[in-house]
Engineer: 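The structure follows.
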Protein chains: 2
Amino acid sequence: MNAELDSFDLAILAILQRDNLRPQREVAEQVNLSPAAVQRRIRRLQDSGVIAANTAQLSPEAVGRPLTIFIEVQLVNELDALTQGFRARVAAETAVQQCYAVTGQTDYLLVVTAGDMQEYQAITQRLFDGDQNIQRFNTSIALATLKRSLHLPLPAR
Amino acid sequence: MNAELDSFDLAILAILQRDNLRPQREVAEQVNLSPAAVQRRIRRLQDSGVIAANTAQLSPEAVGRPLTIFIEVQLVNELDALTQGFRARVAAETAVQQCYAVTGQTDYLLVVTAGDMQEYQAITQRLFDGDQNIQRFNTSIALATLKRSLHLPLPAR
DNA sequence: CTTGAAAGCCACATTTA
DNA sequence: TAAATGTGGCTTTCAAG
């Protein structure tokens with residue numbers, strides 16, 4: 001899926017990653033290309049999956065979800081068949097923003113948002129209750145958010 | 001900052017959170033409002049900070065950053081003056097996507113991207129080397145990414 | 001809601017590698 | 001030859017009156 005990005009592509013991506021509503025005309029000026037060329041490249045980057053999504057990032061506090069919570073999950077057995085239910089519940093739970101299988105003492109790391117602790121408790125119940133394959137899970141709470149994005153540093157090329 | 005969001009705002013946000021390039025006309029159809037009303041509301045949501053940013057989300061693999069790495073950091077002393085340098089380096093380090101001050105055994109949780117382990121090592125050096133206030137840090141690596149977004153569930157209202 | 005301005009989109013001719 | 005660029009016209013979207 002690596003689409004052989006040249007320096008024009010990278011320059012375009014660097015801009016769109018910060019502000020994807022910027023007019024193609026302006027992007028074209030900044031990267032020294034014609035607007036049409038920029039459009040074609042953006043289209044290609046979309047189709048090839050380099051641009052995975054175009055999203056508005058919302059303020060968690062403004063929409064009533066001030067809590068960011070981390071859950072480290074330890075399983076009894078990592079066998080695919082035994083984790084299937086858990087993975088399905090994670091996928092279905094919209095409060096789970098991020099979920100990674102990780103190395104180390106724990107098996108999964110989840111990033112969850114909630115409006116309050118009561119709601120968080122309901123989420124954990126839905127995720128874990130009754131699953132015999134969950135050995136334990138460890139909750140920690142974000143006291144402060146110093147940085148939050150999915151920005152990727154791009155090579156200068 | 002809480003801008004008193006009504007059900008129209010929430011419906012608009014739900015759409016833009018998933019695809020902020022959708023024409024306002026289509027958004028208007030979906031939420032049963034006139035395009036002009038949608039435009040005014042989007043403008044207001046931007047200005048009030050409910051919409052914090054409009055970004056293209058890139059594929060980490062496609063841009064050569066397949067590694068997602070988590071660092072739990074334990075400090076010697078959490079005093080503001082002593083953590084200032086660390087926080088500044090985190091802010092400057094573009095490979096650090098997310099950084100939270102957390103409860104529990106560790107003080108900070110960082111989410112970092114890298115192209116390979118060598119690059120990761122260089123990052124940790126820049127972040128931690130020579131800082132007497134860093135007690136220890138613990139690295140774990142994402143073996144798989146089941147979910148990755150900053151999507152926020154919105155109340156139905 | 002209507003209207004002018006701007007942005008996005010597409011076809012064609014041209015260039016470059 | 002094949003792929004990519006720029007120009008220009010056309011349509012849609014945006015944004016103000």
Side-chain angles (χ1 to χ4, degrees), chain A residues 1-59 62-63 149-157, chain B residues 1-65 149-152 154:
Chain A
M1 195 55 85
N2 197 330
E4 279 295 321
L5 307 174
D6 65 12
S7 66
F8 288 115
D9 289 322
L10 292 170
I12 292 169
L13 290 172
I15 295 172
L16 296 184
Q17 192 177 26
R18 289 279 168 200
D19 176 14
N20 70 338
L21 298 184
R22 183 167 313 197
Q24 296 172 355
R25 165 99 175 92
E26 289 184 23
V27 177
E29 286 176 10
Q30 292 193 28
V31 304
N32 287 321
L33 229 55
S34 79
V38 168
Q39 174 186 333
R40 279 188 293 262
R41 292 176 102 103
I42 292 176
R43 165 75 61 105
R44 188 149 42 81
L45 291 167
Q46 306 250 29
D47 295 345
S48 67
V50 177
I51 296 176
N54 295 91
T55 67
Q57 308 225 348
L58 312 184
S59 158
V63 299
S149 80
L150 298 178
H151 286 184
L152 295 165
L154 300 178
R157 182 57 63 104
Chain B
M1 187 75 78
N2 196 330
E4 278 294 322
L5 307 174
D6 65 13
S7 66
F8 289 115
D9 289 323
L10 292 170
I12 292 170
L13 290 172
I15 294 171
L16 297 184
Q17 191 175 28
R18 198 171 148 273
D19 175 15
N20 70 338
L21 298 184
R22 183 166 311 193
Q24 296 173 356
R25 176 183 54 80
E26 288 185 23
V27 176
E29 287 175 9
Q30 292 193 26
V31 304
N32 286 322
L33 229 54
S34 79
V38 169
Q39 177 186 345
R40 277 189 296 267
R41 282 171 181 268
I42 292 177
R43 167 69 65 101
R44 192 166 51 77
L45 292 167
Q46 304 253 25
D47 294 345
S48 68
V50 176
I51 296 177
N54 294 91
T55 69
Q57 308 225 347
L58 311 184
S59 158
E61 298 78 15
V63 299
R65 304 208 136 245
S149 81
L150 297 179
H151 280 41
L152 294 165
L154 300 177

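To find a chain, count down the sequence lines: A is the first, B the second, and so on, and within it residues start at 1. Below, all heavy atoms of this structure are taken into account, side chains as well, without hydrogens, waters or symmetry copies. None of these values were measured; they are calculated from a predicted model.
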Engineer: Tell me every residue that passes side chain to side chain donor-acceptor pair (under 3.5 Å) with B/Thr55, counting only those two or more places apart in sequence or in another chain.
Structural biologist: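 Testing B/Thr55 for side chain to side chain donor-acceptor pair (under 3.5 Å), a comparison that skips the adjacent residues, returns A/Gln57.
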Engineer: Give me, pair by pair, the N or O atoms of the protein and of nucleotides 2-7 of chain D that are less than 3.5 Å apart, along with how far apart they are.
Structural biologist:
residue : atom : partner : partner atom : Å
D/dT5   : OP1  : A/Arg41 : NH1          : 2.1
D/dG6   : OP2  : A/Ser34 : N            : 2.7
D/dG6   : OP2  : A/Ser34 : OG           : 2.8
D/dG6   : N7   : A/Arg40 : NH2          : 3.2
D/dG6   : O6   : A/Arg40 : NH1          : 3.4

Engineer: Only pairs under 3.5 Å count here: list side-chain donor-acceptor contacts from residues 12-22 of chain A, not counting sequence neighbours, and write none if there are none.
Structural biologist:
residue : atom : partner  : partner atom : Å
A/Gln17 : NE2  : A/Leu152 : O            : 3.3
A/Arg18 : NH1  : A/His151 : ND1          : 3.1
A/Arg18 : NH2  : A/His151 : ND1          : 3.4
A/Asp19 : OD1  : A/Leu21  : N            : 3.0
A/Asn20 : OD1  : B/Asn20  : ND2          : 2.9
A/Asn20 : ND2  : B/Asn20  : OD1          : 2.9

Engineer: Could you list the donor-acceptor pairs under 3.5 angstrom formed between side-chain atoms of residues 27-35 of chain B and any protein atom two or more places apart in sequence or on another chain?
Structural biologist:
residue : atom : partner : partner atom : Å
B/Glu29 : OE2  : B/Arg25 : NH1          : 3.3
B/Ser34 : OG   : B/Ala37 : N            : 3.1

Engineer: On a heavy-atom basis, which atom in B/Ala56 and which in A/Asn54 lie closest, and how many Å separate them?
Structural biologist: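 Scanning both residues, the minimum pair turns out to be CB-ND2, 3.8 Å.
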Engineer: How far does CD of A/Gln24 sit from CZ of A/Arg40, to the nearest 0.5 angstrom?
Structural biologist: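 These two atoms lie 11.0 Å from each other.
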Engineer: At how many degrees, to 10°, do the end axes of the helix from C/dC1-D/dG17 to C/dA17-D/dT1 meet when each uses five pairs?
Structural biologist: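 Rounded to the nearest 10 degrees, the bend comes out at 30°.
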Engineer: Near DNA chain D, which residues from residues 21-31 of chain B have a heavy atom under 4.0 Å away?
Structural biologist: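 Here the set is B/Pro23, B/Gln24, B/Arg25.
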Engineer: Let's go through B/Leu154 and A/Leu58 carefully: what are the C-alpha distance in whole Å and the side-chain angles of both, what is the deciding distance for side chain to side chain contact (heavy atoms under 4.5 Å, CB included) to 0.1 Å, and is it a yes or a no?
Structural biologist: CA-CA 10 Å; B/Leu154 300 177; A/Leu58 312 184; 4.1 Å; yes
Engineer: Please find the pair of heavy atoms, one from B/Gly49 and one from A/Ser59, that lie closest to each other, and give the distance.
Structural biologist: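 So the two residues come closest at O-CB, 3.4 Å.
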Engineer: Could you tell me the separation between the CD atom of B/Gln39 and the P atom of C/dT2, rounded to a whole number of Å?
Structural biologist: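 Going from CD in B/Gln39 over to P in C/dT2 covers 16 Å.
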Engineer: Whole angstroms only, please: what is the CD1-C1' distance between B/Ile42 and D/dA16?
Structural biologist: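 Computing the B/Ile42:CD1 to D/dA16:C1' distance gives 16 Å.
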Engineer: Do B/Val50 and B/Arg41 pass the side chain to side chain contact (heavy atoms under 4.5 Å, CB included) test, and can you show the C-alpha distance, the side-chain angles, and the key distance before you say yes or no?
Structural biologist: CA-CA 11 Å; B/Val50 176; B/Arg41 282 171 181 268; over 6 Å; no
Engineer: Rounded to the nearest 0.5 Å, how far apart are CD1 of B/Ile42 and CG of B/Asp9?
Structural biologist: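 Going from CD1 on B/Ile42 over to CG on B/Asp9, the span is 10.0 Å.
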Engineer: Got a second to check how far B/Arg43's CZ is from B/Ile51's CD1, nearest 0.5 Å?
Structural biologist: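 Going from CZ on B/Arg43 over to CD1 on B/Ile51, the span is 11.5 Å.
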Engineer: Given atom CG of B/Asn54 and atom P of C/dA7, what is their separation to the nearest angstrom?
Structural biologist: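 The answer, rounded to whole Å, is 16 Å.
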